[in-house]
Amino acid sequence: MSTRPDQFSTGDDPIASALAGFARAHGATVRVSLDPAYVVAADPAPTRRVALVSGGGSGHEPLHTGFVGRGGLDAAIPGQVFASPHNQQIFAGARAAALPGGVLLVVKNYTGDVINFRIAAERLRAEGIDVETVLVDDDLATESESTETGRRGTGATVLVEKVLAAAADSGASLADLADLGRRVVAASRSLAVASRAHTAPGGTGPAFDLPAGQLEYGVGIHGERAVSTIDRPGSEEVVDRMLQELLAAVPATPTGYAVLVNGLGAATGLEVYSVLDRVAQGLDARGLTLAAALAGTYVAALDMRGFSITLTALEPGWVEHLAAPTATPALPSTEPVGTVVPAAAQADAGGREVRDDPFLTALGRLVSAAKPELTRLDQVTGDGDFGDNLDGGTRTALASRVAEDEPQPGLRAVEQAFLDHVGGSSGPLYGLLFQNLRTALTDGSGVDAVRAGLRSALEAVQRVGGARPGDRTMADTLHAAANSSGDAADLLRAAVDGAAATADLLPRRGRASYLGERALGTPDPGAVGVAIVLAALVEVIDPTVDAAGLVNPWT
Ligand code: ADP
Ligand code: MG
């Protein structure tokens with residue numbers, strides 16, 4: 001029974017079924033108990049004297065269950081979604097994982113967790129097991145609340161658990177680990193922002209409404225509203241502000257900083273890495289050292305759209321702990337921080353400008369006129385970017401330079417632009433078209449040379465893209481025009497007819513092939529684009545032909 005219309009958990013108990021799936025996926029790393037629910041490491045390091053145990057509400061995956069294993073936790077105890085585990089679960093999981101040197105509990109600072117872990121600690125001690133607790137309370141947004149509850153525990157938990165796990169593997173004692181954990185916590189602060197709330201368990205929409213253009217600044221990992229909702233500044237400004245506040249809150253350190261950019265569930269990999277780059281630049285600009293860096297989803301808030309930044313002021317030895325190897329489903333170990341090689345400065349190209357080349361100016365005019373229709377055609381049968389690709393490449397060519405002695409400057413310029421800079425399937429294929437036309441028109445002239453160029457272009461496009469005439473691609477226009485007879489006007493007419501006829505062909509190459517019969521009735525954008533290119537060429541080789549008029553269905 002799926003519990004919500006918009007989610008995909010299976011079974012009556014989504015947490016139990018997720019744990020069962022987790023057990024199936026990680027048979028060498030963990031052992032899973034379903035009742036009481038806990039996860040223990042299958043093969044902890046033999047050097048470890050103290051067991052590391054953590055836990056908390058579900059919905060934050062991969063925290064904590066994903067951090068169990070070699071180089072990570074010895075046990076993790078998942079509660080219900082966003083709810084503390086029961087003390088009995090914690091007790092059972094910790095007892096199962098306990099080592100002769102005792103148990104260290106790593107607890108995020110929430111009332112329910114604190115109470116349940118404390119009760120479990122009492123029960124463990126009653127069994128003769130030594131227990132210490134490290135309370136993680138890194139969330140800067142809850143710093144100034146005039147309550148007894150203190151700061152929430154959030155992203156720093158990842159770094160705390162990683163450092164402690166490496167130290168535990170080196171055989172550290174319970175007292176030393178507890179002290180180390182508290183120092184890492186004291187040196188760490190986090191801040192989180194969100195542009196969209198998570199979907200509340202049992203609900204169907206976002207847990208709270210956030211109008212477009214607003215940002216929840218200082219949001220919690222359970223979707224607790226932040227102390228402030230702000231008008232959304234640019235991403236750079238948000239990151240800069242977060243970094244500034246975090247730096248003011250952690251101690252200064254000569255050893256450098258660890259940074260964790262953590263996705264809250266619906267932030268993409270592209271976004272978290274890009275945020276990390278901004279943080280790195282911010283540290284750099286202040287002359288501070290980034291000594292360890294992580295970006296990814298480690299502490300989610302279900303599907304909240306946002307991220308947190310955690311900053312830890314490092315002490316000597318911690319970077320080595322962060323980098324120590326792990327064999328857990330998801331606990332990261334850091335790598336040496338990499339440097340970024342700046343993009344090569346554009347070499348001064350030299351050569352001559354081509355913006356007045358007759359072919360290129362004709363192409364620029366015709367492509368601009370056809371762009372809306374080309375975009376529409378690709379929206380119907382592909383992804384809508386073909387018009388931009390053809391137009392972008394043409395503009396790049398118009399702004400470029402070619403060698404002084406180039407006999408076909410316009411064709412050389414579009415060839416370079418499309419081969420080097422235009423994306424999509426069509427960009428490089430059009431580059432080959434221009435290359436073959438240029439070669440043919442360097443060796444010969446007039447409409448026969450154009451046909452020779454089209455024949456070799458068709459062969460090149462087939463070699464690379466595999467499309468045969470009849471597959472509903474640009475190859476169909478090339479084929480029709482290459483095999484035409486007569487003058488330049490006849491060649492262009494054949495190209496236009498060939499392009500138009502693709503509307504009746506079933507797509508067998510490119511994106512349109514996913515559409516099957518649904519593509520019928522609309523001509524292929526790449527095929528139409530070739531007719532536009534040939535119209536520009538015909539305008540130049542025979543100005544008496546009304547080339548623009550012949551392609552006017554699309555311009
Ligand atoms: P993408 O499909 O990557 O978005 P574009 O939109 O730039 O690429 O170009 C789409 C055009 O590329 C199609 O209309 C078709 O004419 C051409 N095309 C795609 N695949 C091939 C292929 N294998 N051979 C020849 N032409 C192709
Ligand atoms: Mg496309």
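First listed ligand is number 1; within each ligand, the first listed atom is number 1. Side chains included, hydrogens not; waters and symmetry mates left out as well; all remaining heavy atoms used.
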Angle at the Mg ion (ligand 2) (to 10°), with one arm to OD2 of D378 and the other to OD1 of D383:
90°
Out of curiosity, L550 CG to L534 CG, how far, rounded to the nearest 0.5 Å?
11.5 Å
Roughly how far apart are L63 CG and T297 OG1, rounded to 0.5 Å?
12.0 Å
Protein contact to [atom] [nearest heavy atom, distance to 0.1 Å]:
atom                    : value
atom 8 (O) of ligand 1  : S425 N, 3.0 Å
atom 13 (C) of ligand 1 : D524 OD1, 3.5 Å
atom 6 (O) of ligand 1  : D385 OD1, 2.9 Å
atom 2 (O) of ligand 1  : R511 NE, 3.1 Å
atom 23 (N) of ligand 1 : G465 O, 3.0 Å

List ligand 1 atoms under 4.0 Å from A467, heavy atoms only on the residue side.
24 (N), 25 (C)
Show me which atoms of ligand 1 lie under 4.0 Å from any heavy atom of D378.
6 (O)
Ligand 1 versus N389, non-hydrogen atoms closer than 4.0 Å: side chain, backbone, both, neither?
side chain
Which is it for L429 and ligand 1 at heavy atoms under 4.0 Å: side chain, backbone, both or neither?
side chain
When you measure from the heavy atoms of G466 to every atom of ligand 1, does any distance fall below 4.0 Å?
no
Could you tell me whether the side chain of [X] and the main chain of [Y] form a donor-acceptor pair under 3.5 Å?
X    : Y    : answer
R196 : P206 : no
D303 : A266 : no
Q408 : L441 : yes
E271 : T268 : yes

Heavy atoms, side chains only, cut-off 4.5 Å: are S400 and V354 in contact?
yes
Using 30° and 60° as the class boundaries, would you call the ring planes of F82 and H60 parallel, tilted or perpendicular?
parallel
Ignoring angles and geometry beyond distance, decide whether G526 reaches within less than 3.5 Å of ligand 1 through its nitrogen or oxygen atoms.
yes
Intermediate values then yes/no, side chain to side chain donor-acceptor pair (under 3.5 Å), Q281 and D277:
CA-CA 6 Å; Q281 289 179 29; D277 181 51; 2.9 Å; yes
Cation-aromatic face contact R511/F386, 6.0 Å, 45 degrees
no
Atom 17 (C) of ligand 1 protein-contacted, heavy-atom criterion under 4.0 angstrom:
no
Of the listed options A527, S426, G510, closest to atom 11 (C) of ligand 1 (non-hydrogen atoms):
S426
Suppose we only allow N, O or S atoms; which atom of D385 ends up nearest to the Mg ion (ligand 2)?
OD1
